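Working notes, structure below.
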Amino acid sequence: MNDTLRALEQQYFALRSNRDDLLSACTTGEQRQQVIDTYKEAQTNYFKAINAVFDENEPQIKALTAEVQLAQKQLDTALQDLKNIAKTLKVITAAVRLGTSLVALLV
C-alpha cells in the first residue's frame, strides 16, 4: 500500500472506529449531521483512492499526502478529548477536506 492510500485509509478508519463516541459527544443535531457527513466524505475518499491510478511521486500528490498525514496526527489528538466537540469537529472537517482535495488529484 502506498503512502497516499494509507493516509486516506487511516483517516477513514479513525473516524469509523470513533463514530459512535463522536455522535454521543455531540450536543446538537447539526453537530451529529456534521459527524455523519464528514464520515461519509472520508469513506468516499478512501474508496475512490482504492480504485484510482495515480503517480504518488507527482509533486502535488506528494505535498497533499504530507498535509493529510499531518492532519491525521491532529485528528488523532482531537479524538482523544471529545469534551470540546466543536473544536474536534473543526479538526475533523479540515482533515477530511484535505483528503477530498487529495482524491480530486487522483485519476
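Note that this is a predicted model, so its numbers are computed, not measured. Residue numbers start at 1 and run along the sequence shown.
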Quiz prompt | Basic-acidic side-chain contact under 4.0 Å: Arg6, Asp3 | solution =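 Looking at Arg6 and Asp3, the cut-off is met.
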
[X] side-chain N/O to [Y] backbone N/O, donor-acceptor pair under 3.5 Å:
X	Y	result
Asn84	Lys87	yes
Glu58	Asp55	no
Thr93	Lys90	no
Gln11	Ala95	yes

Testing the basics here: between [X] and [Y], what is the closest heavy-atom pair and its distance to 0.1 Å?
X	Y	value
Ala49	Leu5	CB-CD1, 3.8 Å
Gln72	Ala7	OE1-O, 4.4 Å
Leu98	Glu67	CD2-OE1, 3.4 Å
Glu41	Arg97	OE2-CA, 4.3 Å
Asp81	Thr88	O-OG1, 3.5 Å

For the residue pair [Y] / [X], report whether a side-chain donor-acceptor contact shorter than 3.5 Å exists.
X	Y	answer
Thr27	Gln31	yes
Asp37	Gln33	yes
Thr4	Thr65	yes

Rounded at 0.5 Å granularity, tell me how far [atom1] in [X] sits from [atom2] in [Y].
X	Y	atom1	atom2	value
Leu89	Glu30	CG	CD	9.5 Å
Ser24	Asn18	OG	CG	11.0 Å
Gln43	Lys48	CD	NZ	12.0 Å
Thr100	Leu64	OG1	CG	10.5 Å

Practice problem: Using the rule that two of Ile, Leu, Val, Met, Phe, Trp, Tyr join whenever any of their side-chain heavy atoms come within less than 4.5 Å, decide whether Leu70 and Leu8 are in one cluster. | Solution: no

Self-check item: Joint cluster assignment, Leu75 & Ile36, ILVMFWY side-chain distance < 4.5 Å
Solution: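 Linked, Leu75 and Ile36 end up in one cluster.
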
Quiz prompt | Matching residue for Ile85 among Leu23, Leu22, Thr28 - test: side-chain contact (heavy atoms from CB on, under 4.5 Å) | solution = Leu22

Exercise. If the plane angle is over 60° it's perpendicular, under 30° parallel, otherwise tilted; pick one for Tyr46 and Phe13.
Key: perpendicular

Quiz item: Does the pair Tyr12 and Asn45 meet the rule for a side-chain contact (heavy atoms from CB on, under 4.5 Å), with working shown?
Solution: CA-CA 8 Å; Tyr12 167 54; Asn45 291 343; over 6 Å; no

Exercise. Show your reasoning for whether side-chain contact (heavy atoms from CB on, under 4.5 Å) applies to Val96 and Tyr39.
Key: CA-CA 8 Å; Val96 172; Tyr39 169 79; over 6 Å; no

Exercise. Go through the steps for Ile92 and Leu15 under the test side-chain contact (heavy atoms from CB on, under 4.5 Å), then give the verdict.
Key: CA-CA 8 Å; Ile92 291 169; Leu15 293 176; 3.8 Å; yes

